[in-house]
Amino acid sequence: MSPDTKRKFVVVSHTHWDREWYQPFESFRARLVRMMDALIDLFERDPGFKHFVLDGQTVPLDDYLEIRPDRRETIERLVKEGRLRIGPNYMLPDEFLIGAEATIRNLMTGIRSAREYGRLMNVGYSPDAFGHIAHLPSVLRGFGIDSVLIWRGVGREVDVSEFRWQAPDGSEVMAVHFPYGYGYMATVPEDEATLRNHLQNVRSSLEPFATTSNVLVPNGTDHLPAHTGLSQVIARANKIMNDAEMVHGTYEEFIAAVRGELRGRYNELPLLRGEFRSSARSNVLAGVLSTRMWLKQRYVQCEDLLARYAEPLVAWAHLISKPDAERVASDKGLLHQAWKLLLQNGPHDSVTGCSVDAVYDDVGLRFEKCEQIAESLIGEAHGTLGRAAAPKLSETIVVFNPEAGPRTDFCTVQMPVEGGRLPTAFVEDTGVELPVQALRRGVHSPRDARERVVVGFVAPLVPAYGYKTFTVSYDERPDASHGGESSIENEYFHVSAQPDGRLIVVDKASHRTMHGLNRFQDSGEAGDEYTYNPPLRDEVIDAPKNPPQIRITETGPARWTLEVRQVYSLPARLTPDRKGRSDDRLDCAITSRVRLYPGVRRIDVETDVDNRCEDHRLRVLFPSGLSSERSYAEQHFGVVQRPAAPIKHDASWFETPANTHPQKTFVDLTNGQSGLMIANRGLPEYEILREDDGTSTVALTLLRCVSWLSREDLRTRNGHAGPMMYTPGAQMIGRWTFEYSIIPHEGDWQAFYQEAHRFNRPLRAIRIPGGAGELPREKPLLRLDGEGIALSTLKPAEDDDATVVRVYNISDHPGSAIISLREPISEVEAVDLNEENAGPVVVQGGAVRLDLAPNQIATFRFLPRK
Ligand SMILES: [Zn+2]
């Protein structure tokens, strides 16, 4: 700031609108309606009240107009005039807990909605998220947004408000950090003495962080209405200060002013890379990764249902059946509705689990509705594809693979039991017979009384992002089942259980033996929905009360199952003073079904827990036997390395840093030669524990059980993170099932991440009694070649009848990709994340060829041949 530049305080009026939190959605909406009514009134009465930011999200406007559809015109006028600032998000998510595609769809939905209302706030905005993902700058850049306002998780690595933030692919945005949060000027001083005082506070606390003459003063906080009288306060402030000016502005104006003043000095701003999860200056509330774990499981399941099954199958059905425009529009409308329902579960007080119990009735219902729409679309589209591919007059199983291939994996399908007969084999086009294993009989469809059976089989070499057909055989043949007495094995692994129930895994290729896997560890929890807080006198229980029952329950031919049934005697709750665990004990049954399949390089585990106890944390441990300095955890478009050692901190930190971290489908440890990957389905919290011998153990959280939204007696956090409300639903009493997979491997994660993706997105089969035989017996929809190149989505285009393919480079080195759609196309173009701004691509031999930086995202539109 040059000496003649006058200090400028840019006051930005806003509200922070948690759609549901310490009240359920409809209660907060009743307040939203009052807030919006008052805001419109204020805009009309006071021309000096220039702007109001509706929290960087558009869903509150939809919520308001559902109640007041008559005010649409007024709202659109205010938006077009730039007085009401909306978007670019649809909602304000927990960045770590929603998935990669949801991160994109949230911005796509918000930006498109804001434009429909009349004008978009073209600034990234994530004011209250509990830390920030490393990939946010690349997603924002993908929508043409070059700045973002953030708060939590930025540590002491920076002491200015403005800095450059770079994603792993090199994308960069200007970050504006709120040093004291988004609620700095939550009230406006009425009288002159208070105002003078307030101005002094603003100057002494915010000015030191400024990189230019401009200082951002956010005016507003949680669920607060706009301040009447603000324009008069600003006028009065300008009379008091003679060396500075205060204006009523917007985030866009503030960012433009900072950029304008910095000009050539912009590159002198500090450059920060990667994620923000520091507890030094703000609460990042890392305990939300494990609060109400069922939410995380349902969330992941629903996002995959949409992005990896419904959208590619609907896109493929459109390509082969060429439905009329009305049908296409209806399918897209249904997909949009399912995505909106899922996105409404993504806010940082929803999927996180840190709200009152009543909120989760709504959240659960949205998951149900999202799944109902997704399953309807999947059923129809898979049927369309299946009937076109299945030969005439033969009963056929059509298997869809949403992942890379060719892929050999276990698959289940439900079939009618015809005249008491069960299928004995599924037959490949080449005549090879695949044995079928009945898994569950006595299943009845709600539509009729016919008995059905769920059968399992290993489908070999299913094409990448494609299908393969098998005909059903009922020939009698000797039972091909076999299995050991107390162990299971396939060509890759031999798995047995120690007498204490822990697993011993032998990796046959490397002759490495791993002991003590799948060990359960239970400890006390005196925290709240936001934060883990072990009781002062903790008691850790990591062995069952009696020797477990170990038996082989399935002996092939498609699946072998080793079952370990254990009963843990756990403290019923905390002691009344919350400093220890109670002497009362309750039995909690924990049953693991450990599974191998022929030809599959994973050890899948399904664990049932009958949770009868309160105030505890249950984790499952996997000693790697390896010394690993770092963990490698999958995040949105790549893998984040984090030190395996606990985070060092001192008493000045805002909260005690958690050593639990977020992950997507896997976390991996490696010593360079050997590694251990633990894949999970919707279990996002892990910690790396250091054993006495220097080796590392992966701890995967299954349950973290608490009764309070927020408490102020935690040793791991200063003060409250929300109101103190009773939330017994967060104790997760009941029976729960958790799914994870043990993947021992050579080298590092880069050659094995596909196993974690496959574990999360199983093959999906449908039975077709007789089809048209128009398509080949097997076919990929997409060719996607390139080491480390992964698919993010394949979907019908938003704006026309093109097919959109989005890929990214998951690896930490540059990669090359070859991409082609295996249906007739006329043209292909590269587009941004909003499927706009089409540019040329390099096409050779009918395939797109491109180079991708580590974690770079690329989106293409394939236009159909007319
Ligand atoms: Zn919030």
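Just follow the structure's listing: the first ligand is 1, and inside any ligand the first atom is 1. This one's a predicted model, so the numbers in the text were calculated from it and none came from an experiment.
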Worksheet item: Side chains of R298 and N345: donor-acceptor distance under 3.5 Å anywhere?
Response: no
Worksheet item: How far does OH of Y90 sit from CG of N106, to the nearest 0.5 angstrom?
Response: 9.0 Å
Item to complete: Mind jotting down which residue pairs meet the ring-ring contact (aromatic ring centres under 6.0 Å, His included) criterion with at least one end in residues 92-111? Sequence neighbours excluded, please.
Response: none
Worksheet item: Any idea which heavy atoms bring T531 and R717 closest together, and the distance?
Response: OG1-NH1, 2.8 Å
Practice prompt. Using a cut-off of 2.8 Å, find all protein N, O or S atoms closer to the Zn ion (ligand 1) than that distance.
Written response: H16 NE2, D18 OD1, D128 OD2, H348 NE2
Worksheet item: Restricting to pairs with a member in residues 125-146, which pass salt bridge (charged side-chain N to carboxylate O under 4.0 Å, His left out), not counting sequence neighbours?
Response: D128-R152, D146-R259
Item to complete: Tell me, please, which residues at least two apart from E525 pass salt bridge (charged side-chain N to carboxylate O under 4.0 Å, His left out).
Response: R704
